[in-house]
Every structure is written in C-alpha cells, then in structure tokens.
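Beneath this line is the structure, given in structure tokens, with notes to follow.
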Amino acid sequence: MEFTASQIAELAGGRIEGNPDAKVSSFCKIEEGKEGSITFLSNPKYTHYLYDTKASIVLVNDDLELEQSVATTLIRVPNAYETVAKLLQFYESMKPKKTGINPLAFISPTAKVGENCYVGAFSYIGEGVTIGPGCQIYPNAYIGDGVEVGNDCIIYPHATIYHGCRLGNRVTLHAGSVIGADGFGFAPNADGYDKIPQIGIVTIEDDVEIGANTCVDRSTMGSTYVRKGVKLDNLVQIAHNTDIGSNTVMSAQVGVAGSTKVGEWCMFGGQVGVAGHITIGDKVMLGAQSGANGSIDSNQTLIGTPPQQPRSFFKQAAISRRLPEIYKQVNQLQKEIQEIKQKIESNE
C-alpha cells in the first residue's frame with residue numbers, strides 16, 4: 001500500500017511543509033529513515049536526526065521550530081506520537097485477516113465458533129466454549145471448557161485460557177499468557193500445606209491487551225477482574241481476587257498480590273510490587289521498582305519503597321550517595337570530641 005503526503009495529512013488532520021506528492025509505503029525510526037518511508041519526531045532528544053533523515057515524510061508537532069532547512073516533507077500535527085499510533089492502527093487494520101478452521105485443530109462438538117473466525121492447527125477449544133465472530137485463534141492456543149470469548153479477539157500461539165473464564169470484545173492475549181491458573185492459596189498445617197481450591201474465574205473486559213508470558217490467576221471465589229482498556233506488558237503477575245481498574249497500564253515484571261484493588265488510569269513502571277489486601281486509588285503513577293505495601297490515595301506520582309514523592313526520594317538518594325563521606329566525618333568528629341573531653345578531664 002502506498003500513500004501520499006496529501007492523503008496522510010487529510011487522514012491525520014495535519015499541515016504539509018514540503019512536497020504534497022511525496023509517497024510512502026512503510027514506517028521507520030527517524031534515525032533509520034529511508035526513501036519511501038514515514039517516521040515521526042516527538043522526543044526532543046531525537047531532533048538532530050530530522051536534518052539528516054532519509055525518510056520521505058516526518059510527522060512533527062505543530063510547535064516544532066526548525067533550526068535549519070530539511071530535505072524531507074513535514075506534516076505538522078498537534079501530537080505526532082498520538083498521530084503515528086493512529087496511522088499504525090490504520091495500517092494494521094488494512095492487513096488481510098486469516099479465516100477458516102484448520103483441519104488439525106480440535107473443536108469440541110459442543111463449542112460454538114462465530115463467523116469469520118480463524119482457528120489454527122493444533123489449537124484446542126473445549127466443551128461448551130463460545131467464541132464470537134471475527135476472532136483469531138492461533139496454532140497451539142488452549143481454550144478450556146466453558147470459556148466465553150467475545151468478538152474480534154486475538155489469541156496468539158501457546159496462550160492458555162483455563163475453564164470458565166470470560167473474555168470481552170477485542171481482547172488480545174500474546175504468546176504464552178495464562179488466564180485462570182489457580183491462585184496461590186495454601187493453608188499451613190503440621191505436615192506442610194493444604195491447597196485451598198480456587199473455584200472462581202477470571203473476567204477480562206473489552207479492549208484489554210495482555211503481554212507474552214503474563215499470568216492472571218483465577219479467584220478463590222467469585223472473579224479476578226481486569227477491567228476495560230487495561231494494558232499489561234510481558235511477564236506481569238496478577239494474583240487471585242484482584243481487581244485492576246479500567247485503562248490502567250503496567251510495565252514488565254509488575255507483580256500485584258492477592259485481593260488488591262487497583263484504580264482506574266493508573267501507571268506502574270517496570271518491576272513495581274504491590275502487596276495484597278490493599279487499595280490503590282485512581283490515577284496513581286508508581287515509578288519503576290517501587291514497592292507499595294499499603295493503600296495509596298488517588299492522583300499521586302510516587303517512587304521508591306515505601307512509595308514517596310519524587311522530590312523526597314531523589315533527595316534521599318543524593319544523601320545516600322554521600323553516606324561514606326558522612327560516616328568518615330562523624331567518626332572524625334567523635335574522635336575530636338573524645339580528645340577534647342580528655343583534655344578537659346586532665347585540666348580539672
């Protein structure tokens with residue numbers, strides 16, 4: 001597929017500076033630009049690439065001020081990053097989708113598969129499963145008994161959905177993700193541990209994307225919830241009985257312990273750890289490697305363990321770097337004080 005700068009500007013609501021007939025057929029990074037490709041500039045750190053890039057078209061923010069002339073065609077938009085995301089979505093939607101059921105797939109006679117679905121080889125669809133129209137079930141995916149899958153979902157290879165779980169519409173499960181494994185429930189006894197049966201399910205609402213090798217555990221009773229619009233990165237652990245609020249995003253290696261409620265529009269950086277049985281409010285931003293061991297009110301940006309305001313955290317970090325020097329100074333002061341005491345005592 002090939003598009004001109006004029007067509008892209010019309011689609012994106014942008015303003016052209018340069019050749020309106022410039023043509024592109026692919027995307028690229030600005031530092032790896034080549035003729036016939038389109039890229040974008042949103043981070044000021046990459047501005048210097050704009051003057052040398054070979055990309056035919058570059059999306060830039062309206063307020064960008066040029067320091068020198070450029071050879072490429074610019075399309076100015078209110079938000080270049082947001083615009084390129086929409087263009088990528090449009091580009092992806094233009095790709096033809098696979099349809100049809102591979103004869104090597106297993107589908108239970110009691111399962112219902114909607115129209116225009118693709119079911120790849122060696123995938124398994126259990127008893128009583130319902131799958132909405134337009135879904136893509138890739139090879140070696142496993143969908144257990146009684147699972148409900150909405151419309152236009154994508155289940156990538158080796159993703160596993162345990163029995164009874166429910167997926168809404170437009171849910172994406174990446175390779176190796178596991179939905180509905182048993183929650184980590186064991187009761188200690190004199191001889192070891194008694195397993196607590198996990199008889200609940202996982203409910204994933206509409207427009208959720210779950211990364212590769214991410215696990216969402218089924219609840220002890222009732223349901224673990226991943227609400228509408230949530231995005232989970234690779235290698236995230238969501239424990240049993242949790243409730244992840246709508247439009248919350250979590251980076252790689254985040255772990256949320258059991259029975260915790262996370263609010264809406266939260267953002268957790270990589271390796272954030274959240275203790276169990278607490279409540280995180282709405283629009284809470286936790287920096288990478290933060291450890292939340294207690295409830296947090298809404299509308300806060302925090303970092304560290306326990307989480308604290310960034311200014312306080314960085315101030316403590318700066319002091320921590322000086323601890324060896326401070327330790328030496330304290331020792332020297334103690335020595336000097338001791339010497340003064342000895343002189344005073346000798347003069348008495």
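In what follows, residues are counted from 1 in the order of the sequence shown. Since this is a predicted model, take the numbers as computed values, not measurements.
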Without hydrogens or angle criteria, can the side chains of [X] and [Y] be said to hold a donor-acceptor pair below 3.5 Å?
X: N241; Y: T220; answer: yes
X: E336; Y: Q332; answer: yes
X: S108; Y: T110; answer: yes
X: N234; Y: N213; answer: no

Quick one: do [X] and [Y] make a salt bridge, cutoff under 4.0 Å?
X: E325; Y: K328; result: no
X: R166; Y: E148; result: yes
X: E32; Y: K34; result: no
X: E205; Y: R227; result: yes
X: D63; Y: R76; result: no
X: E264; Y: K283; result: no
X: K86; Y: E82; result: yes

With a 4.5 Å heavy-atom cut-off, do [X] and [Y] have their side chains touching?
X: I30; Y: V58; answer: yes
X: V274; Y: N293; answer: no
X: V254; Y: L232; answer: no
X: N299; Y: D282; answer: no

query: For Q271, what residues pass the side-chain hydrogen bond (donor to acceptor under 3.5 Å, both in side chains) criterion, not counting sequence neighbours?
result: Q253, Q289
- prompt: Of Y91, F3, F27, which is the lone residue that meets side chain to side chain contact (heavy atoms under 4.5 Å, CB included) with I38?
  reply: F27
query: Relative to each other, are the rings of F186 and Y193 parallel, tilted or perpendicular (30° and 60° limits)?
result: perpendicular
- prompt: Should the pair Y138 and Y156 be assigned to parallel (<30°), tilted (30 to 60°) or perpendicular (>60°) ring geometry?
  reply: parallel
Enter the distance from [X]:[atom1] to [Y]:[atom2] here, rounded to the nearest 0.5 Å.
X: K195; Y: F184; atom1: NZ; atom2: CZ; result: 9.0 Å
X: L66; Y: T47; atom1: CG; atom2: OG1; result: 10.0 Å
X: L88; Y: F40; atom1: CG; atom2: CZ; result: 8.0 Å

field: salt bridge (Lys or Arg N to Asp or Glu O under 4.0 Å) partners for K45, two or more places apart
entry: none
field: Residues forming a salt bridge (Lys or Arg N to Asp or Glu O under 4.0 Å) with K228, sequence neighbours excluded
entry: D207
- prompt: Does I244 share a hydrophobic cluster with V249, counting links as ILVMFWY side-chain heavy atoms below 4.5 Å and allowing steps through other members?
  reply: no
Are any side-chain N or O atoms of [X] and backbone N or O atoms of [Y], one a donor and one an acceptor, separated by less than 3.5 Å?
X: N169; Y: N151; value: yes
X: T224; Y: D217; value: yes
X: T214; Y: V236; value: yes

